[in-house]
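I have placed the structure first, in the form of structure tokens, so that the comments after it can refer back to it.
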There are 2 protein chains.
Amino acid sequence: MQQLINSLILKNFGNPILNRLDDSAVLPLKTGNKRLAFTTDSFVVNPVFFPGGDIGTLAVCGTVNDLSMVGARPLFLSAGVIIEEGFPLEQLKRIILSMKKTMRAAGVRIVCGDTKVVNKGNCDKIFINTAGIGIIDEGENIGSANARPGDAVIISGTVGEHGIAILSRREGLRFKTQLKSDCAPLNRLVGGMLKSFPGAVHVMRDPTRGGTATALNEIAELSNVGIEVDEERIPVTNKVRGACELLGIDPLYLPCEGRLLAFVDSRKAEAIVRRMRKIAPGRDAAIIGRVIAGHRKMVYLHTLSGSDRILDIPIQDQMPRIC
Amino acid sequence: MQQLINSLILKNFGNPILNRLDDSAVLPLKTGNKRLAFTTDSFVVNPVFFPGGDIGTLAVCGTVNDLSMVGARPLFLSAGVIIEEGFPLEQLKRIILSMKKTMRAAGVRIVCGDTKVVNKGNCDKIFINTAGIGIIDEGENIGSANARPGDAVIISGTVGEHGIAILSRREGLRFKTQLKSDCAPLNRLVGGMLKSFPGAVHVMRDPTRGGTATALNEIAELSNVGIEVDEERIPVTNKVRGACELLGIDPLYLPCEGRLLAFVDSRKAEAIVRRMRKIAPGRDAAIIGRVIAGHRKMVYLHTLSGSDRILDIPIQDQMPRIC
């Protein structure tokens, strides 16, 4: 089994760096004065396959996107796969092909990896860890502590699709039209933003676990600022809105896997949004709020009904294994 | 639980890079003309605690050692932890402290990480993935394809302790004297070798899964050479030899987690071994064989009984979850 898996992986992911099969990959990378970004995530999503993707799509997008959020160009990934004995090889092949397709879209390569097969019952089907390395161009300084009063808050698209796709599949819900996960690599979108508006982006974060509400709160906390958001400006599809009402969930707490929040120089915000709308996953980009000097570490929502309320972090994560 | 774990990890692993809590770590690294090494491994060892270490010790040593095997100085690690709901927090603390202690010994830091808690029964206690980044000094070209006829084969110490420590714990065996895992970071040993003998080391590999026999076969295959090894020169403690006889196992197939094989310029082999013996995990270093031009892709063992036999790779891995 172990050898079968290894050969399957090598056949699909093979490249001159990976094929050397040394204990570490040696990267053909001269960084000069550029900084490196490094990140990791484990993916344990249940179900493994869902409308719009699978655990393999997520494992590549998640790490590509985390690198993109600090302004890095993602280059190299590692993959650590833990498989339950008896997991169908046919399904593993589908996952590997999803990873391959997503890597091609993002322009990244897996250069090192590891596979462990554990006895039946010792893990639930398959877990995938990816780590990634990217390069940050000189002149960019993007970080969650860099939001400044006056910054405009942009979301790159509609929220909640990934969360609803997983939950509806898990709960066996059927809707007239299928709800697909939004999972997508964001590096080309980010590349376009940074190339056209160098230095104008102060913060980026992808609203994954805990959704948009949690990501905004984390930025308010790390930047020590207040954030105001207008609910009516946050793009939500009718499908997601309907499903959320049915399930009693706020779409702002649903994870996205192909969306980003950007805090940008307000003078350039409109132009940045226009640029984002030209690149596929940014089609529905919108300015949704602003950074204020007061109400530090708090996020205020101007609701559709006209009232204001604090948008806080949920006390407990209600959605295990959503990514 | 999730938040408790995150704060526990931050408290123990905290450093200025990790503490920024961005989606990726931004590394203060100028590589100039030096190459980067990148590797990953998932650790699923059962039992989680064993004589001489635990899953945390292994997770740090494994990746530090994989980086060292291509001649890199390990610098930064990532950690992806998957925890089964209900895993005792007390045990998690012990594991975190083991990681901290081992990182200090190796001089590396965790700069990014991720924790997932899965429902009871969805994983067995705890799995840890680490990825790592290191820098390779100019002038070194170490790789598993670089063994040359005439090279001397060195092992850095006694073989089999890690495998026996795990197996004896798992099978509930008790020996008069405790058998401890050999797990240890090898980067200082490797650093000493490369500094004193630049360019003289052609191949390094740590004999983990599949043990010394498997690592030698992989090198014979990747370098397209033959390898001869003298059984009587391979250091094995009496304790391990006794336990192996009891269990019907060949110590050459037992994994080590703090040993390395080095293929070196034969004219410098004696001096390299003397240097290795001065650095703790290399105390029992010994020349055990040589590379030959014939018998390509084969490993020959001159046995203690005076006969010769092919040392091949076991058809199946008989030891799941040994690391």
Side-chain angles (χ1 to χ4, degrees), chain A residues 2 20-33 35-44 46 65-67 69-70 72 76 78-82 111-119 121-124 127 129 131-134 136 143-145 204-206 218 222 316-317 320-321, chain B residues 2 20-33 35-44 46 65-67 69-70 72 76 78-82 111-119 121-124 127 129 131-134 136 143-145 204-206 218 222 316-317 320-321:
Chain A
Q2 183 78 54
R20 291 173 58 110
L21 297 179
D22 280 323
D23 286 327
S24 294
V26 176
L27 307 180
L29 188 65
K30 306 251 189 260
T31 61
N33 279 322
R35 288 158 300 155
L36 280 179
F38 181 33
T39 192
T40 193
D41 246 326
S42 297
F43 298 86
V44 297
N46 177 32
N65 293 350
D66 277 347
L67 290 170
M69 292 308 102
V70 297
F76 302 109
S78 68
V81 183
I82 300 172
V111 292
C112 52
D114 170 62
T115 316
K116 294 282 191 304
V117 179
V118 299
N119 290 341
N122 284 348
C123 89
D124 187 21
F127 299 155
N129 176 286
I133 293 179
I136 304 172
S144 299
M204 283 190 287
R205 206 163 182 100
D206 55 340
E218 287 165 350
L222 290 166
Q316 60 173 107
D317 188 0
R321 301 188 59 190
Chain B
Q2 184 78 54
R20 291 174 58 111
L21 296 179
D22 280 323
D23 286 327
S24 294
V26 176
L27 306 181
L29 187 65
K30 306 250 189 261
T31 61
N33 279 323
R35 287 158 302 156
L36 281 178
F38 181 33
T39 193
T40 192
D41 246 326
S42 298
F43 297 86
V44 297
N46 177 32
N65 293 350
D66 278 347
L67 290 170
M69 292 308 102
V70 296
F76 303 109
S78 68
V81 183
I82 300 172
V111 292
C112 52
D114 170 62
T115 316
K116 294 283 190 303
V117 179
V118 299
N119 289 342
N122 284 348
C123 90
D124 187 22
F127 299 155
N129 176 286
I133 293 178
I136 303 171
S144 300
M204 285 190 287
R205 205 163 183 102
D206 54 340
E218 287 166 350
L222 290 165
Q316 60 172 109
D317 188 0
R321 301 187 61 190

Worksheet item: Tell me, side chain or backbone of Asn46(B) under 4.5 Å from chain A's heavy atoms, or both, or neither?
Response: neither
Worksheet item: Where on Leu21(A) is there a heavy atom nearer than 4.5 Å to chain B: the side chain, the backbone, both, or neither?
Response: both
Fill in: Residue, of Gly121(B), Pro28(B), Ala131(B), Gly132(B), that accumulates the most heavy atom pairs under 4.5 Å with chain A
Ala131(B)
Worksheet item: Are Asp66(B) and Ser24(A) linked by a side-chain donor-acceptor pair shorter than 3.5 Å?
Response: no
Response to the item:
Heaviest contributor of heavy-atom pairs below 4.5 Å to chain A, chosen from Ile136(B), Leu29(B), Val118(B), is Val118(B)
Worksheet, complete the sentence: All heavy atoms of Phe38(B) vs all of Phe76(A), minimum pair found to be CE2-O, 3.9 Å
Worksheet item: What distance do Asp41(B) atom CG and Asn129(A) atom CG have between them, rounded to the nearest 0.5 Å?
Response: 11.0 Å
Worksheet entry | Donor-acceptor contact present, side-chain Lys116(A) to main-chain Ser42(B), <3.5 Å | yes
Item to complete: Please report the closest heavy-atom contact between Cys112(A) and Thr39(B), naming both atoms and the distance.
Response: SG-CA, 3.6 Å
Worksheet item: Who pairs with Asp23(A) by salt bridge (charged side-chain N to carboxylate O under 4.0 Å, His left out), at least two apart in sequence or on another chain?
Response: none
Response to the item:
Note: vs chain A, highest number of non-hydrogen pairs under 4.5 angstrom among Asn122(B), Asn119(B), Val81(B) is Asn122(B)
Fill in: Residue among Ala25(A), Gly113(A), Ala37(A) with most heavy-atom pairs under 4.5 Å to chain B
Ala25(A)
Worksheet item: Heavy-atom distance under 4.5 Å to chain B: side chain of Ile82(A), backbone, both or neither?
Response: side chain
Worksheet item: In terms of heavy-atom proximity below 4.5 Å to chain A, should Val26(B) be classed as side chain, backbone, both, or neither?
Response: both
Worksheet, complete the sentence: Cut-off 4.5 Å, heavy atoms of chain A, and the answer for Leu222(B) is side chain
Discussion item. Only pairs of heavy atoms separated by less than 4.5 Å count here; which of Met204(A), Arg205(A), Glu218(A), Arg20(A) has the most with chain B?
Written reply: Arg205(A)
Worksheet item: Which region of Arg321(A), side chain (C-beta onward) or backbone (N, CA, C, O), has a non-hydrogen atom less than 4.5 Å from a non-hydrogen atom of chain B, or is it both or neither?
Response: side chain
Worksheet item: Does Asp22(B) reach the main-chain N or O of Ser144(A) with its side chain, forming a donor-acceptor pair under 3.5 Å?
Response: yes
Practice prompt. Name the member of Ser78(A), Gly134(A), Gly80(A) that forms the most heavy-atom pairs with chain B at distances under 4.5 Å.
Written response: Ser78(A)
Discussion item. Quick check for you: among Gly143(B), Ala72(B), Ala145(B), which has the greatest number of heavy-atom pairs under 4.5 Å with chain A?
Written reply: Gly143(B)
Worksheet item: Which atom names give the shortest non-hydrogen contact between Ala79(B) and Thr40(A), and what distance separates them?
Response: O-CG2, 3.7 Å
Worksheet entry | Inter-residue atom distance Asp124(A).CG - Asp124(B).CG, 0.5 Å rounding | 13.0 Å
